[in-house]
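As structure tokens, the structure follows; a few thoughts come after it.
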Amino acid sequence: TTAKQLFWLRQYTEEQKLLRHKPLLLCGKSRSGKTKKACSIYGQSRTLVVNCQGLGKNLPSLREFRRSEHNCIVFDEISSDQVLANKLVFQAGIDKLTLAQSQCNTHAYDVWLYAVPMILCSNMFQMESLPNAPMAAEDVEYLAKNVIDASLPDGKSWYEVDGEPFSEDDAELP
């Protein structure tokens, strides 16, 4: 557990009475163990994992989320665009939210996500403006202030081999 993970977990202690919360970001290469690490924090059976891949700025359905069953939500393969387009979801604030809204709201549903720990897992999560992918200054500032980035350095993973963090550089091929 890293210092940033502990900082993130402190948001959910009894002493904290926050009106909104910050998600934890685990970003790294494919097969580095991000999602397994995320699920291990509260346990696989108490964690709802949703697949965000290929949805543009939209989020997957959270209809299955039940406070009585789930202690955490893991957003797998999420992008910064999805977080920026759905800020109220990721703030885990005190208000109930209506999701899947449309003109007639036929498929709309409500969720109450107050103080629900959220973990963002991604191979590539843009936190700053880049020459080939510019971001508005407000978006960069929002992400810096509202997402706890606990990503690992390149080449490291969330699992250990012989008590040491695994590095692809350490792997021996047959």
Given V89, which of V111, L97, V116, V83 fulfils the side chain to side chain contact (heavy atoms under 4.5 Å, CB included) condition? L97
Would you compute the distance between atom NZ of K37 and atom CG of L24 and round it to the nearest 0.5 angstrom? 9.5 Å
Might you work through the side-chain hydrogen bond (donor to acceptor under 3.5 Å, both in side chains) test for T35 and D76, ending with a clear yes or no? CA-CA 7 Å; T35 306; D76 202 13; 2.8 Å; yes
Go through F90 and L120 one step at a time and tell me if the side-chain contact (heavy atoms from CB on, under 4.5 Å) criterion holds. CA-CA 10 Å; F90 295 102; L120 315 174; 3.6 Å; yes
Tell me whether K87 at atom NZ has more than 12 heavy atoms from other residues, nucleotides or ligands lying less than 6.0 Å away. yes
Could you grab the distance from atom CD of Q82 to atom CZ of F125, nearest 0.5 Å is fine? 9.0 Å
When the ring planes of Y114 and H21 are compared, do they come out parallel, tilted or perpendicular, using 30° and 60° as the limits? perpendicular
For the side chain of N146 and the backbone of L143, is there at least one donor-acceptor N/O pair under 3.5 Å apart? no
Just verifying a value: how many Å separate L25 CG and I78 CD1, rounded to the nearest 0.5 Å? 9.0 Å
Between the side chain of Q91 and the main-chain N/O of L88, is any donor-acceptor distance below 3.5 Å? no
Any residue meeting ring-ring contact (aromatic ring centres under 6.0 Å, His included) with H70, in chain and number order, not counting sequence neighbours: F65
Just do the side-chain hydrogen bond (donor to acceptor under 3.5 Å, both in side chains) check on K34 and N123 with the steps written out, would you? CA-CA 9 Å; K34 301 174 296 291; N123 293 350; 3.0 Å; yes
Check whether Q126 reaches the backbone of A133 with its side chain - one donor and one acceptor, N or O, closer than 3.5 Å. yes
Looking at CG of D139 and OG of S129, how far apart are the two atoms once the value is rounded to the nearest 0.5 Å? 9.5 Å
I'd like to know if the side chain of T13 reaches the main chain of R10, judged simply by a donor and an acceptor atom lying under 3.5 Å from each other, with no hydrogens or angles considered. yes
Check whether any side-chain heavy atom of E77 sits under 4.5 Å from a side-chain heavy atom of N51, and report yes or no. yes
If you take all heavy atoms of N71 and Y42, which pair is closest and at what distance? CB-CD2, 3.7 Å
Out of S151, C121, S80, which one pairs with C27 under the side chain to side chain contact (heavy atoms under 4.5 Å, CB included) rule? S151
Can you hop from I73 to L9 via hydrophobic side chains spaced under 4.5 Å? no
With distance as the sole test, does Q11 use its side chain to make a donor-acceptor pair with the main-chain N or O of L18 at under 3.5 Å? no
Can you tell me if R46 uses its side chain to pair, donor with acceptor, with the backbone of E69 under 3.5 Å? yes
